Amino acid sequence: MKKKDFRSRLLLVVARKCTAVLCAALLIPGEALLLAESQQPTGSAQTAAAKIPPDQLDSLVAPIALYPDPLLAQALAASTYPLEIIQLQQWLDRNKNLKDKALADAVAKQPWDPIVEALAGLPEVAKRLANDIQWTTDLGNAFLAQQSDVMDAVQRMRKKAEDKGNLKTTEQQKVETKVIENKSVIIVEQANPRVV
């Protein structure tokens, strides 16, 4: 197998898994989320009361809201591991000579979560998350505490961009609007699933 094909397949597998997570998040009924929140211990009740307002969530997700869905899902999931992102970035800086299969093999030996390991194949995204670790931590915390609200913020940002003509189908991406559970959802996908 060619090195390029291996990397493409690895990214495709990760992208599919992340898309599944994102789609599942979009499809979770609101009542189920409320039930899950109401069953949390009283210590978490204070966290639930301190929800981030929609305008702040919009600002928080703005830097990644227009990413294709698989990449968005990966960035959101990875943001819940800020320390590991920093470790990955430092490791990538020390191992710039590793490419393709050698990179994948070496990163697989690290103790990080697989979603963070997958960022090794997306060095620009890893760097973006590592360079502003406070933003990444805030994003990860918001995603863990208010997953549905974060996804709604992504949709608001996508709608704004679409209305201004900044989000449309191109050679690199496919943009379409679907109705899921009576909600209009803007889906962004790579035109070629093998290219991020």
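Hydrogens, waters and symmetry mates play no part in the numbers below; they use all other heavy atoms, side chains included. Everything numeric in this text was worked out from a predicted model, so none of it was measured.
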Worksheet item: Hey, any chance Leu92 and Tyr81 share a hydrophobic cluster, counting ILVMFWY side chains that come within less than 4.5 Å of each other, even indirectly?
Response: yes
Worksheet item: Are any of the side-chain nitrogens in Lys109 or Asp105 under 4.0 Å away from the carboxylate oxygens of its partner?
Response: no
What is the minimum heavy-atom distance between [X] and [Y], and which atoms define it?
X      : Y      : answer
Leu119 : Ala126 : O-CB, 3.9 Å
Gln155 : Ser184 : OE1-O, 4.2 Å
Val154 : Val61  : N-CG2, 3.9 Å
Gly140 : Thr80  : O-CG2, 3.7 Å
Ala78  : Ile85  : O-CD1, 3.1 Å
Ile115 : Ala77  : CG1-CB, 3.8 Å

Minimum side-chain heavy-atom gap [X]-[Y] below 4.5 Å:
X      : Y      : answer
Trp112 : Leu88  : yes
Leu122 : Leu71  : yes
Leu76  : Val150 : yes
Met151 : Phe143 : yes
Ile187 : Asp69  : yes
Pro68  : Glu189 : no
Gln146 : Ile52  : yes

Once you round to the nearest 0.5 Å, how far does [atom1] of [X] lie from [atom2] of [Y]?
X      : Y      : atom1 : atom2 : result
Lys101 : Leu103 : NZ    : CG    : 11.5 Å
Lys168 : Gln173 : NZ    : CD    : 10.5 Å
Lys51  : Gln56  : NZ    : CD    : 14.0 Å
Arg158 : Asp163 : CZ    : CG    : 14.0 Å
Ile64  : Leu139 : CD1   : CG    : 4.5 Å
Leu167 : Met157 : CG    : CE    : 11.0 Å

Worksheet item: Could you go step by step and tell me if Glu176 and Lys174 meet the salt bridge (Lys or Arg N to Asp or Glu O under 4.0 Å) rule?
Response: CA-CA 7 Å; Glu176 61 182 317; Lys174 186 172 95 173; 3.8 Å; yes
Practice prompt. For Thr136 and Pro82, indicate whether the former's side chain and the latter's backbone hold a donor-acceptor pair under 3.5 Å.
Written response: no
Fill in: Derivation of the side chain to side chain contact (heavy atoms under 4.5 Å, CB included) call for Trp91 and Leu98
CA-CA 11 Å; Trp91 185 88; Leu98 294 176; 3.8 Å; yes
Worksheet item: Given the rule in the salt bridge (Lys or Arg N to Asp or Glu O under 4.0 Å) test, do Asp149 and Arg156 qualify, once you have shown the distances and angles that lead to the verdict?
Response: CA-CA 10 Å; Asp149 296 336; Arg156 284 191 299 274; over 6 Å; no
Fill in: Residues that Asp55 engages under salt bridge (charged side-chain N to carboxylate O under 4.0 Å, His left out), provided they are two or more places apart
none
Item to complete: Show your working on side chain to side chain contact (heavy atoms under 4.5 Å, CB included) between Leu129 and Trp135 and close with a plain yes or no.
Response: CA-CA 8 Å; Leu129 293 172; Trp135 166 76; 3.7 Å; yes
Item to complete: Report the C-alpha separation of Asp93 and Gln89 in whole Å, then their side-chain angles, then the decisive distance to 0.1 Å, and conclude whether the side chain to side chain contact (heavy atoms under 4.5 Å, CB included) test is met.
Response: CA-CA 6 Å; Asp93 289 343; Gln89 186 59 48; 3.0 Å; yes
Practice prompt. Determine which pairs satisfy side chain to side chain donor-acceptor pair (under 3.5 Å) with at least one residue from residues 123-134, sequence neighbours left out, and list them in order.
Written response: Gln134-Asp138
